[in-house]
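What you see is a predicted model, and the numbers here were worked out from it, not measured in a lab. The residues of the chain are indexed from 1 along the displayed sequence.
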Amino acid sequence: MTADDSNGRLDDDDFPAYTMGRAAEMLGTTQGFLRAVGEARLITPLRSAGGHRRYSRYQLRIAARARELVDQGTPIEAACRIVVLEDQLVEAQRINAAYRRAEQPT
C-alpha cells in the first residue's frame, strides 16, 4: 500500500480506522458500551488480523447517537432499535425525495 492509498482510506467513512480503546475515548464512553452496542447488533466492528475490533467513523456516529439516548435513560436495547428506525426513516425520506424529483416535469 502506498501513502496515497492510505490517505484515501482515511477519508472513507466506512474505513475501520479506530481501535476499540480510541473509539471509546472519542465517544467518552467505555469499551463495554461498544461491546454492548455490538451485541445488540447496532454496529458490527471489523476485526484486525490480530482479532481486535476496529471501528469506522460511520459506526462511531451511530454509537454516539445510541449513547445520547442511553444517557437520557433509554435502555440500550431500545436505544439501538430507535437508532435503526431513525436511519431507516432518513433512507425512506431520501428515496421519496428522489421519486418526487423524477416525477416533476422538466
Side-chain angles (χ1 to χ4, degrees):
M1 174 186 315
T2 67
D4 290 336
D5 292 339
S6 62
N7 286 338
R9 285 184 172 180
L10 292 176
D11 290 336
D12 181 356
D13 264 1
D14 295 319
F15 181 67
Y18 303 99
T19 63
M20 177 179 268
R22 180 67 180 129
E25 180 183 314
M26 290 170 68
L27 295 176
T29 191
T30 64
Q31 293 181 15
F33 176 81
L34 290 173
R35 284 188 203 94
V37 295
E39 290 169 9
R41 298 186 182 183
L42 179 62
I43 58 175
T44 304
L46 275 80
R47 297 283 181 153
S48 68
H52 299 281
R53 291 174 180 90
R54 304 286 293 203
Y55 297 88
S56 69
R57 288 187 301 207
Y58 175 73
Q59 290 172 322
L60 294 183
R61 283 194 301 273
I62 291 172
R65 176 63 181 132
R67 180 165 185 255
E68 288 174 12
L69 293 167
V70 169
D71 287 350
Q72 295 170 6
T74 306
I76 195 158
E77 296 82 11
C80 290
R81 183 67 180 140
I82 290 167
V83 171
V84 168
L85 291 170
E86 287 174 343
D87 193 48
Q88 289 173 346
L89 176 60
V90 168
E91 180 63 12
Q93 289 171 333
R94 185 194 64 76
I95 291 168
N96 285 339
Y99 284 143
R100 280 191 222 105
R101 283 191 302 275
E103 290 178 351
Q104 290 179 352
T106 55

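For Q31, the side-chain contact (heavy atoms from CB on, under 4.5 Å) test picks out M20, A24, R35, with sequence neighbours left out. Checked against side-chain contact (heavy atoms from CB on, under 4.5 Å), Q72 has the following partners two or more places apart in sequence or in another chain: L69. Residues passing the salt bridge (Lys or Arg N to Asp or Glu O under 4.0 Å) test with D71 are R67, sequence neighbours excluded. Taking the side-chain contact (heavy atoms from CB on, under 4.5 Å) definition, one finds that D87 meets it with Y58, sequence neighbours left out. Applying the salt bridge (Lys or Arg N to Asp or Glu O under 4.0 Å) test to R101 and every residue at least two apart in sequence or in another chain returns nothing. Residues satisfying the salt bridge (Lys or Arg N to Asp or Glu O under 4.0 Å) test with R65, not counting sequence neighbours, are E68, E86. Listed by chain and number, the residues in a side-chain contact (heavy atoms from CB on, under 4.5 Å) with R94 are E91 (sequence neighbours excluded). Qualifying salt bridge (Lys or Arg N to Asp or Glu O under 4.0 Å) partners for E103, counting only residues two or more places apart in sequence or in other chains: none.
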Evaluate side-chain contact (heavy atoms from CB on, under 4.5 Å) for L60 paired with M26, printing each intermediate quantity in order. CA-CA 9 Å; L60 294 183; M26 290 170 68; 4.0 Å; yes

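The closest side-chain heavy-atom distance from F15 to R54 is not below 4.5 Å.
Contact between I76 and F33 at its shortest, heavy atoms only, is CD1-CE1, 3.7 Å.
Each side-chain hydrogen bond (donor to acceptor under 3.5 Å, both in side chains) pair with one or both residues in residues 20-29, not counting sequence neighbours, appears once here: R22-E25.
Atom OH of Y18 sits about 10.5 Å away from atom CG of L27, to the nearest 0.5 Å. Separation of atoms CD1 (I82) and CG (L89) is listed at 13.0 Å; rounding is to 0.5 Å. Atom CZ of R100 is separated from atom CD1 of I95 by 11.5 Å, given to the nearest 0.5 angstrom.
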Check: residues 37-50 side-chain donor-acceptor pairs under 3.5 Å, at least two apart:
from: R47; atom 1: NH1; to: G51; atom 2: O; distance (Å): 2.8
from: S48; atom 1: OG; to: G50; atom 2: N; distance (Å): 3.3
from: S48; atom 1: OG; to: G51; atom 2: N; distance (Å): 3.4
from: S48; atom 1: OG; to: H52; atom 2: N; distance (Å): 3.0

